[in-house]
Amino acid sequence: MLFRSGLFYFKARKWYPGAVQRFREVLTDDPSFTGRDTVYYYLAQALILQKRPAEAVPYLDRMLKEFPNSPLAPLAKQSFETTQAAISPK
């Protein structure tokens, strides 16, 4: 239920602080949740949209390492590379 609430806040309301809170609760309160790849991805995207890219990178990295075959992996990889490049010193 928390995941669906987070997705609602992310997609329908575009209220990213609410989405972040619910996605983080899923990760802490339900370690056996089967859609963790999706949680990591949307949590990272919500953080990026809040201009918090440094917080997003570890979630994208973890998603790619734990779920390399996820349908979201190509999007996560692109987002990881773009976000990593944006926060890395030049």
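Atoms considered below: every heavy atom in the structure, side chains included; atoms not considered: hydrogens, waters and symmetry mates.
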Please tabulate, for side-chain N and O atoms in residues 3-17, each donor-acceptor pair with protein atoms closer than 3.5 Å (sequence neighbours left out).
{"from": "Ser5", "atom 1": "OG", "to": "Met1", "atom 2": "O", "distance (Å)": "3.2"}
{"from": "Lys14", "atom 1": "NZ", "to": "Lys11", "atom 2": "O", "distance (Å)": "3.4"}

Quiz: residues 70-80 side-chain donor-acceptor pairs under 3.5 angstrom, not counting sequence neighbours:
{"from": "Ser70", "atom 1": "OG", "to": "Asp37", "atom 2": "OD2", "distance (Å)": "2.6"}
{"from": "Ser70", "atom 1": "OG", "to": "Leu72", "atom 2": "N", "distance (Å)": "3.0"}
{"from": "Ser79", "atom 1": "OG", "to": "Gln45", "atom 2": "NE2", "distance (Å)": "2.9"}

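Between atom CZ of residue Phe23 and atom CG of residue Leu47 there is a gap of 10.0 Å, rounded to the nearest 0.5 Å. Taken from CD in Glu81 to CG in Leu64, the straight-line distance is 8.5 Å, to the nearest 0.5 Å.
Looking at every heavy atom in both residues, Ala56 comes nearest to Ala44 through CB-O, 3.4 Å. The heavy-atom pair separating Met63 from Tyr41 by the smallest distance is CG-N, 4.5 Å. The heavy-atom pair separating Arg36 from Val26 by the smallest distance is NH1-O, 4.4 Å.
Between Phe67 and Tyr40 the shortest side-chain heavy-atom distance falls below 4.5 Å. The shortest distance between side-chain heavy atoms of Leu27 and Leu43 falls below 4.5 Å.
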**Item:** Test side-chain contact (heavy atoms from CB on, under 4.5 Å) applied to Thr83 and Ile48, step by step
**Value:** CA-CA 8 Å; Thr83 306; Ile48 290 167; 3.3 Å; yes

